[in-house]
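Encoded as structure tokens, the structure appears first; notes follow it.
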Amino acid sequence: MKVAKFGGSSVASAAQFRKVADIVSSDIERRIVVVSAPGKRYKDDVKVTDLLIRLAEQVMAGEPYGQTVEAIVKRYADIVNELGLEAGHFLGELNDDLQSKISAYRHEPPRLLDAMKASGEDHNARLMALYLQDRGLEASYVSPLEAGIIVTDEPGNAQVLPESYDKLNQLRDRRGVLVIPGFFGYSLSGHIVTFPRGGSDITGSIVAAGVQADVYENFTDVDSIYCVNPSIVADARKLKEITYREMRELSYSGFSVFHDEALEPVYRAGIPVCVKNTNNPAAPGTWIVAKRNHIDEPVAGIASDTGFCSINISKYLMNREIGFGRRVLQILEDEGISYEHTPSGIDNMSIILRADQLAEGKEERILARIREELAVDEVTVEHGLALIMVVGEGMEKTIGMAAKATTALAKANINLEMINQGSSEVSMMFGVKEEVVNEAVRALYHAYFQELTVTQPS
């Protein structure tokens, strides 16, 4: 059994619907299909999910929203008409459902936003099931509630509950192709609750783990995962395979293929993932697996992200002061701030975090508290930082990996603001100024993927 998830670009139009139907009908093992909401059809198009968010915002602001409803219905109507489907009832039900949800949650903004966002996937799954039936397949729509996707009641941040997996396993006994909407589940109290960013990937992973699929296929708009962002490095190398741990590290650090939470269910279930291209399904894609051969390629990929800052603290004999780090982090916790890395020395400590968390006076309050409560010698904030992660499970047993990076950056005349390596040695983090991050990524790519592999220890 295969679970196949199709992203927004894969279901954005009637032409894409036909490609999905061809893919599903070409392999009888593709028994469960998970779909996103229609994405962009062209560069300046608007995703259906963005239209639905706009609709929710207009309702919450008390603004007219009729035109937005019409735009949403038209997106589906275009697909219906171009496919030649007799589905007038579907479009009527779509309009009625939107109006019903608006009436039900008008005065509960978080619930309204979740209900609106989820409807994009929900109606697209219904439409996909109708089209597969029209193509002669035995297919049926299965709602997340019917499937058994039960989640925590945190609007916009759903987490699947363990009892979901037993219920999902019963889907194995259903006949035909089952089409399930991604992105949301139901709380125990019966509310629609959406997953975080990349939520349809999370649904696909949960369903694959629940039905104990042999393979989880994730269809997108690229032939494979690249070892670096191809918009930064032209002709970037395609990956044949990558491990779960490597993919998670890269996703967390800026890779857009997967949300970093999406792999957790299939990772724990030991189900291999194959990332494939809806527009070129014959391409082998990239396999995400538990283990791979690291001998020839110790580095799996390079990811980068911007928008970071560093709180830099100095105090003589800091290392002798018991509880110093805990008290610093307590100040951040009091302000509701999470951090990414904490590189430190005997007399200094840096805390790397997302800069947007320091808005609304938080930066001033944090610095004042650190000065007053910890009696530090100096505390400053450095803005405009970018983080680059070099990821690979083979780095631990390969000599000279850090030296290779620092040498490459030095040759490119790029100043390193910081460097940090986790104890697992799966990744190395480099901090540089945002204005040179792409140049730094290209230098590291050249060092790790275009030069000869460094000598292995005997």
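Because only heavy atoms are used, hydrogens play no part in the values below, and waters and symmetry mates are left out as well, while side chains stay in. This one's a predicted model, so the numbers in the text were calculated from it and none came from an experiment.
- A side-chain donor-acceptor contact under 3.5 Å links H383 and E363.
- Here the options are E57, Q58, E63, the test is side chain to side chain donor-acceptor pair (under 3.5 Å), and the partner is T68; only Q58 passes.
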Kindly indicate, with the supporting measurements, whether the criterion side-chain hydrogen bond (donor to acceptor under 3.5 Å, both in side chains) is fulfilled by R248 and Y244.
-> CA-CA 6 Å; R248 188 199 182 303; Y244 297 119; over 6 Å; no
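- Two residues are said to be in side-chain contact when any heavy atoms from C-beta on lie closer than 4.5 Å; F183 and P144 fail this criterion.
- Note that NE2 of H341 is 13.0 Å distant from CD1 of I351, once rounded to the nearest 0.5 Å.
- Between the side chains of S143 and E146, not a single donor N or O lies within less than 3.5 Å of an accepting N or O.
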Determine, stepwise, if the pair V35 / F219 fulfils side chain to side chain contact (heavy atoms under 4.5 Å, CB included).
-> CA-CA 10 Å; V35 298; F219 283 88; over 6 Å; no
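- Neither side chain, E70 nor N95, offers a donor N or O lying under 3.5 Å from an acceptor on the other.
- The CD1 atom of I288 sits 7.5 Å away from atom CG of N218, with the distance rounded to the nearest 0.5 Å.
- Side-chain contact check for Y42 and D44: no donor-acceptor pair (N or O, by modelled atom type) lies under 3.5 Å.
- Between the CG atom in D122 and the OH atom in Y141 there is a gap of 3.5 Å [rounded to 0.5 Å].
- Looking at R41 and D78, their side chains come closer than 4.5 Å, going by heavy atoms from C-beta outward.
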